[in-house]
Amino acid sequence: MPASEALNAWEALTAVRAQSPVVHNITNYVVMNTTANALLALGASPVMAHAEEEMEDMVGISAALVLNIGTLSREWVKAMFLAAEHATRRGIPIVLDPVGAGATRYRTGTVRDFLAAFRPAIIRGNASEIMAIRGAGAGTKGVDSLDASQDAVSAARAIYEAHGSVVCISGATDYIIGDRSLRIHNGHPLMTRVTGLGCTASALCGAFAAITPDPVLAAAQAMAVMGVCGEIAAAKADGPGTLQLHFLDALHRLSEADIKGRLRAEVA
Ligand SMILES: Nc1ncnc2c1ncn2[C@@H]1O[C@H](COP(=O)(O)OP(=O)(O)OP(=O)(O)O)[C@@H](O)[C@H]1O
Ligand SMILES: Cc1ncsc1CCO
Ligand SMILES: [Mg+2]
């Protein structure tokens, strides 16, 4: 069976729409609104919450936890660690987005401390961020990648072997590295001109991880949906502004035929 069909992306999307899992996000100020809207358009039920006082209750009603260090500070990091403790105890999947790892020592150090304490089901980042976790590469340009996704594959393998977390590297080709490896060739370069589509990919990883127990498959389903919707949106858009709008509509309207007709996934 071709890898695209084996992803079961349509079946998983149907399950997300039917079950509408609660996805708890501790994410950055830049993308809170866009990732909440993307999760809603997908069919999931997003909630953004970062007060330590409500971490136990919020994790208690969630099916996945998405942690994103895009605008981190001491209090938020404490909340993330506390939420991860509760999620680990409850056995709900954690997705980590190491935004800007490699740009500052604080970001890189926080991600490493987190991985020393917890095992996310999925780590989703761009190539520079993934390489920085292993001390590889020349750093990260703020939140943007200086490297191509294939350059981070060996770092991703090392992270999987050291921590057991599936690693998803986004870029022109998305790589999903775990107990097996997949590549997804969808998407559009215009997606890099809209802030937070990587953060959106991580949020979608959370929604699919809530439905799909196998984290390689869950990450691949999320990246498949991202890529296919990115292509549909780019075909209608005049630029980044309308891409963002068309992307949300594409998520909402995504059909089995869209996925079957466009998805280009292969075993890496
Ligand atoms: N050159 C490209 N061609 C096609 N798709 C791309 C390209 N670059 C990125 N994408 C897609 O754009 C989405 C965001 O990935 P990207 O690597 O830009 O994330 P990011 O750098 O973490 O973004 P952000 O920090 O703004 O959230 C993914 O779905 C990815 O597949
Ligand atoms: C631009 C930006 N800065 C911190 S987080 C963020 C959103 C994209 O990662
Ligand atoms: Mg990012």
Side-chain angles (χ1 to χ4, degrees), residues 3-4 7 9 27-28 30-31 33-35 37-39 41-42 68 70 97-103 122-132 136-153 155-156 167-177 181-205 208 219-255 258-266 268:
S4 299
L7 293 194
T27 188
N28 67 71
V30 184
V31 305
N33 181 273
T34 48
T35 58
N37 272 323
L39 283 166
L42 183 76
N68 176 310
D97 188 328
V99 182
I122 301 166
I123 302 169
R124 199 292 318 163
N126 64 41
S128 295
E129 291 161 348
I130 298 302
M131 289 165 80
T140 303
K141 189 181 174 191
V143 299
D144 289 332
S145 189
L146 287 168
D147 303 280
S149 48
Q150 60 266 27
D151 299 338
V153 168
V167 179
C168 170
I169 315 157
S170 58
T173 298
D174 302 314
Y175 288 80
I176 294 110
I177 310 283
S181 302
L182 296 167
R183 279 195 293 248
I184 297 178
H185 299 284
N186 294 93
H188 191 281
L190 198 53
M191 294 172 81
T192 62
R193 312 314 295 171
V194 175
T195 192
L197 278 180
C199 306
T200 300
S202 300
L204 264 51
C205 283
F208 283 102
Q221 290 162 349
M223 299 317 287
V225 165
M226 285 295 305
V228 169
C229 289
E231 286 175 12
I232 293 170
K236 294 181 176 168
D238 290 323
T242 41
L243 180 85
Q244 196 167 18
L245 297 176
H246 285 302
F247 182 80
L248 279 183
D249 291 350
L251 277 176
H252 176 70
R253 299 174 59 91
L254 189 61
S255 70
D258 293 330
I259 294 173
K260 285 230 162 86
R262 290 181 180 267
L263 183 56
R264 286 178 292 134
E266 60 178 342

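Computation of the quantities below employed the complete heavy-atom set of this structure, encompassing side-chain atoms and omitting hydrogens, waters and symmetry-equivalent molecules. All residue numbers in this chain count up from 1 along the given sequence.
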Requested in this report: Before giving the answer on side-chain contact (heavy atoms from CB on, under 4.5 Å), spell out for I232 and H246 the whole-Å C-alpha distance, their side-chain angles and the decisive distance to 0.1 Å.
Outcome: CA-CA 8 Å; I232 293 170; H246 285 302; over 6 Å; no

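- For S149 against A127, the heavy-atom pair with the smallest separation is CA-CB, 3.8 Å.
- Taking the side chain as every heavy atom from C-beta outward, Y175 and V167 never approach each other to under 4.5 Å.
- The backbone N or O of A101 sits nowhere less than 3.5 Å from a side-chain atom of E129 that would complete a donor-acceptor pair.
- Closest non-hydrogen pair, D258 versus V228, comes out as O-CG1, 3.9 Å.
- The CD1 atom of I176 lies 5.5 Å from the CG atom of L182; values are rounded to the nearest 0.5 Å.
- Taking R193 as the reference, nothing meets the salt bridge (charged side-chain N to carboxylate O under 4.0 Å, His left out) condition, with sequence neighbours excluded.
- Residues that satisfy the side chain to side chain contact (heavy atoms under 4.5 Å, CB included) test with A203, not counting sequence neighbours, are N25, T35, L39.
- We find the CD1-CD distance between I169 and Q150 to be 9.0 Å, quoted to the nearest 0.5 Å.
- Under the 3.5 Å distance criterion, the side-chain polar atoms of S181 are left unmatched by any main-chain donor or acceptor of A268.
- In this structure, the side chain of T140 does not engage the main chain of G142 through any donor-acceptor pair within 3.5 Å.
- For N37 and T34, the side-chain atoms include no donor-acceptor pair closer than 3.5 Å.
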Report task. Verify side-chain contact (heavy atoms from CB on, under 4.5 Å) between V225 and F208, making sure each step is shown before the conclusion. Result -> CA-CA 10 Å; V225 165; F208 283 102; 3.8 Å; yes

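- Inter-residue side-chain proximity for I184 and L7 is flagged as met; some heavy-atom pair is nearer than 4.5 Å.
- Across all non-hydrogen atoms, the minimal contact from G102 to A132 is CA-CB, 3.4 Å.
- Remark: side-chain polar atoms of S145 are paired, donor with acceptor, to backbone N or O of S128 under 3.5 angstrom.
- Of the possible polar contacts, one joining the S4 side chain to the A265 backbone as a donor-acceptor pair under 3.5 Å is found.
- Looking at heavy atoms from C-beta onward, L204 lies in side-chain contact with M226 at the 4.5 angstrom threshold.
- Taking CG of D97 as the start and SG of C199 as the end, the distance is 5.0 Å to the nearest 0.5 Å.
- The CG atom of L146 sits 11.0 Å away from atom CG of D151, with the distance rounded to the nearest 0.5 Å.
- Looking at I123 and C168, their side chains never come closer than 4.5 Å, going by heavy atoms from C-beta outward.
- Among residue pairs with one or both ends in residues 220-235, those qualifying as salt bridge (Lys or Arg N to Asp or Glu O under 4.0 Å) are E231-R262, E231-R264; sequence neighbours excluded.
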Requested in this report: Output, in order, the C-alpha distance, side-chain angles, deciding distance and verdict of side-chain contact (heavy atoms from CB on, under 4.5 Å) for N126 and D144.
Outcome: CA-CA 8 Å; N126 64 41; D144 289 332; 5.6 Å; no

Report task. Begin from the C-alpha positions of R183 and D174 and carry the test side-chain contact (heavy atoms from CB on, under 4.5 Å) through to its verdict. Result -> CA-CA 6 Å; R183 279 195 293 248; D174 302 314; over 6 Å; no

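- Between the CG atom of L248 and the CZ atom of R253 there is a distance of 13.5 Å, given to the nearest 0.5 Å.
- Considering all non-hydrogen atoms of both residues, P98 and G125 come closest at CD-CA, 4.1 Å.
- Of all non-hydrogen atoms in T200 and A38, the two that sit nearest each other are CG2-CB, 3.5 Å.
- Between the CG atom of L263 and the CE atom of M223 there is a distance of 12.0 Å, given to the nearest 0.5 Å.
- The shortest non-hydrogen separation linking T27 to V31 is OG1-CG2, 3.5 Å.
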